[in-house]
Amino acid sequence: MREAEVFSITGPPALQVRRLNNSGPPVLYVHGATFPSALSVGYRFSDGQSWEGHLHSEGFDVWSFDFAGFGGSERCRRSTSSLADSRASAAAKQIARVVEHICEQRRGAAVNIIAHSWGSIATGCYLENHSHLAGRLVFFGPIAQRHGAEKVGVRGFPASRLITVTAQLERFIDDVPEGEGPLLDEPGLASWGPAYLASDPTALTRDPPAVAVPGGPAADIAAAWQGELAYDPGRITTPILLIRGEWDSLCNDKDAGWLLDGLGSEVKRDLVIPGATHLMHLEEGRFALWSAVAEFLRG
């Protein structure tokens with residue numbers, strides 16, 4: 001398996017980018033609210049395989065990056081950072097910088113995008129004004145607009161928050177129905193957990209060890225569930241696949257239906273993977289996700 005090239009795009013903020021070079025169509029992976037690209041699309045399981053490796057083997061030029069405050073990208077000082085620095089509108093500008101870099105390297109080739117969870121909100125904000133630069137779009141476990149949740153002002157969200165490996169593990173297994181066996185490829189996050197802590201240089205200075213992540217994504221998700229999604233799906237015209245797990249509580253049937261109805265795309269599909277959750281890219285059944293995404297991106 002080839003190693004991805006890792007480099008930075010100068011800032012501010014400086015962004016760490018991964019690329020698994022290929023001459024085929026470029027595809028950019030946009031990560032979610034709590035862990036960086038190396039622990040999602042770039043994570044290698046015990047069999048040596050990763051999602052980016054699979055996409056590369058399918059002929060794609062695979063790119064991913066870390067939003068500011070995650071992984072290898074620039075981290076704002078907690079004393080000077082604000083919640084607005086990590087909201088979807090700011091994150092969309094970072095996506096724009098990476099896509100611009102890809103277009104320069106690939107001489108204007110249309111960039112396919114895979115966005116996970118909160119990453120779909122940031123991508124939606126970007127695509128409102130840049131659909132002409134995108135090829136095909138995959139929203140994996142996307143966050144949609146809901147109604148009825150109690151209103152919580154942005155003052156209720158800190159600029160950053162701390163997440164332990166235990167908290168991640170609990171989040172990863174909460175959606176698995178009682179009586180079902182473990183879905184995670186690493187049920188105890190034996191390798192993923194230490195790698196997660198290593199993604200933040202300050203994680204081990206805390207008791208218990210915890211990774212600091214920006215608070216903006218949590219605020220964006222809360223706002224969406226209070227009826228205020230940060231972008232208008234009707235302005236997205238790119239061919240799109242919504243793909244989600246059968247047991248994904250963050251993107252249920254009603255969420256996907258609302259989003260699908262609102263999208264301005266002529267080509268739009270909704271695919272449910274049985275026996276999977278919001279984190280199926282880390283589960284034993286991830287191969288169904290990988291294959292379906294590659295097939296859609298090929299057209």
Side-chain angles (χ1 to χ4, degrees), residues 27 29-35 39-41 43 45-47 49-52 54-55 58 112-121 123-124 136-149 167-189 192 217-218 220-222 224-225 229 233 236 239-263 265 267-298:
V27 56
Y29 181 88
V30 180
H31 69 73
T34 64
F35 52 94
L39 291 171
S40 47
V41 71
Y43 186 67
F45 296 87
S46 56
D47 59 5
Q49 297 187 70
S50 66
W51 193 357
E52 68 182 6
H54 178 267
L55 285 166
E58 293 289 326
N112 301 293
I113 300 177
I114 304 169
H116 179 225
S117 191
W118 166 79
S120 68
I121 302 181
T123 301
R136 290 193 154 221
L137 178 63
V138 175
F139 275 3
F140 161 35
I143 304 299
Q145 184 166 292
R146 295 178 179 177
H147 297 277
Q168 285 285 32
L169 179 59
E170 290 174 353
R171 189 171 73 91
F172 290 178
I173 64 177
D174 277 349
D175 283 349
V176 180
E178 186 175 352
E180 296 289 341
L183 300 181
L184 287 174
D185 188 87
E186 299 173 3
L189 301 183
W192 192 97
D220 287 329
I221 294 171
W225 289 350
L229 187 63
I236 295 179
I240 183 171
L241 169 69
L242 308 185
I243 187 165
R244 54 201 173 88
E246 176 187 9
W247 300 323
D248 187 343
S249 64
L250 275 70
C251 184
N252 56 35
D253 290 343
K254 189 174 181 179
D255 294 334
W258 179 90
L259 188 54
L260 203 70
D261 288 343
L263 287 164
S265 309
V267 177
K268 47 187 178 181
R269 300 173 184 168
D270 178 31
L271 179 62
V272 179
I273 303 296
T277 77
H278 192 66
L279 285 305
M280 62 176 150
H281 54 330
L282 299 178
E283 297 173 354
E284 292 180 350
R286 61 189 177 276
F287 305 106
L289 167 70
W290 293 2
S291 296
V293 169
E295 181 178 358
F296 180 78
L297 293 178
R298 282 195 301 267

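Bear in mind the structure is a predicted one, so any value in this text is a computation, not a measurement.
Listed by chain and number, the residues in a side-chain hydrogen bond (donor to acceptor under 3.5 Å, both in side chains) with Q168 are T34, R171, Y196 (sequence neighbours excluded). D174 meets the salt bridge (Lys or Arg N to Asp or Glu O under 4.0 Å) test with no other residue; sequence neighbours excluded. For E186, there are no salt bridge (Lys or Arg N to Asp or Glu O under 4.0 Å) partners two or more places apart in sequence or in a different chain. Checked against salt bridge (Lys or Arg N to Asp or Glu O under 4.0 Å), D220 has the following partners two or more places apart in sequence or in another chain: R87. Under the rule for a salt bridge (Lys or Arg N to Asp or Glu O under 4.0 Å), the partners of D255 that lie at least two apart in sequence or sit in another chain are R146. Every residue meeting the side chain to side chain contact (heavy atoms under 4.5 Å, CB included) condition with E246, not counting sequence neighbours, appears here in chain and number order: V272, P274.
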**OP:** Determine, stepwise, if the pair V27 / I114 fulfils side-chain contact (heavy atoms from CB on, under 4.5 Å).
**Re:** CA-CA 7 Å; V27 56; I114 304 169; 3.8 Å; yes

Subject >> Full working for side-chain contact (heavy atoms from CB on, under 4.5 Å) between S249 and H278 >> reply: CA-CA 7 Å; S249 64; H278 192 66; over 6 Å; no

Subject >> From CA spacing to verdict: side-chain contact (heavy atoms from CB on, under 4.5 Å), I240, L263 >> reply: CA-CA 9 Å; I240 183 171; L263 287 164; 3.7 Å; yes

**OP:** In sequence, state the C-alpha distance, the side-chain angles, and the governing distance for F35 and L282, and then conclude on side-chain contact (heavy atoms from CB on, under 4.5 Å).
**Re:** CA-CA 12 Å; F35 52 94; L282 299 178; 4.2 Å; yes

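Nearest heavy-atom pair, W225 versus A144, reported as atom, atom and distance to 0.1 Å: CD1-O, 3.5 Å. Contact detail for S120 and I143: the closest heavy-atom pair is OG-N, 3.3 Å. Between G275 and E283, the shortest heavy-atom contact is O-OE1, 4.4 Å. Among all heavy-atom pairs drawn from G32 and S117, the shortest one is CA-CB, 4.5 Å. The two atoms that bring D185 and S46 nearest to each other are OD2-OG, 4.4 Å, heavy atoms only. The two residues P142 and L242 have their closest heavy-atom pair at CG-CD2, 4.3 Å.
The number of heavy-atom neighbours closer than 6.0 Å to CZ of R269, taken from other residues, nucleotides and ligands shown, is 12 or below.
At a threshold of 4.5 Å between non-hydrogen side-chain atoms, the residues W258 and L229 count as touching.
When Q49, E295, E58, M280 are each tested for a side-chain contact (heavy atoms from CB on, under 4.5 Å) with W290, only one passes: Q49. The side-chain contact (heavy atoms from CB on, under 4.5 Å) test with I173 is passed by exactly one of L184, T277, L279: L184.
A distance of 6.0 Å or more separates the ring centres of H116 and H31. No close placement of the F45 and W51 rings is indicated, their centers lying 6.0 Å or farther apart.
Geometric assessment of R136 against the ring of F296 yields a positive cation-pi assignment under the 6.0 Å and 45° thresholds. Geometrically, R244 does not engage F139 in a cation-pi contact, judged by NZ or CZ lying under 6.0 Å from the ring centre and within 45° of the ring axis.
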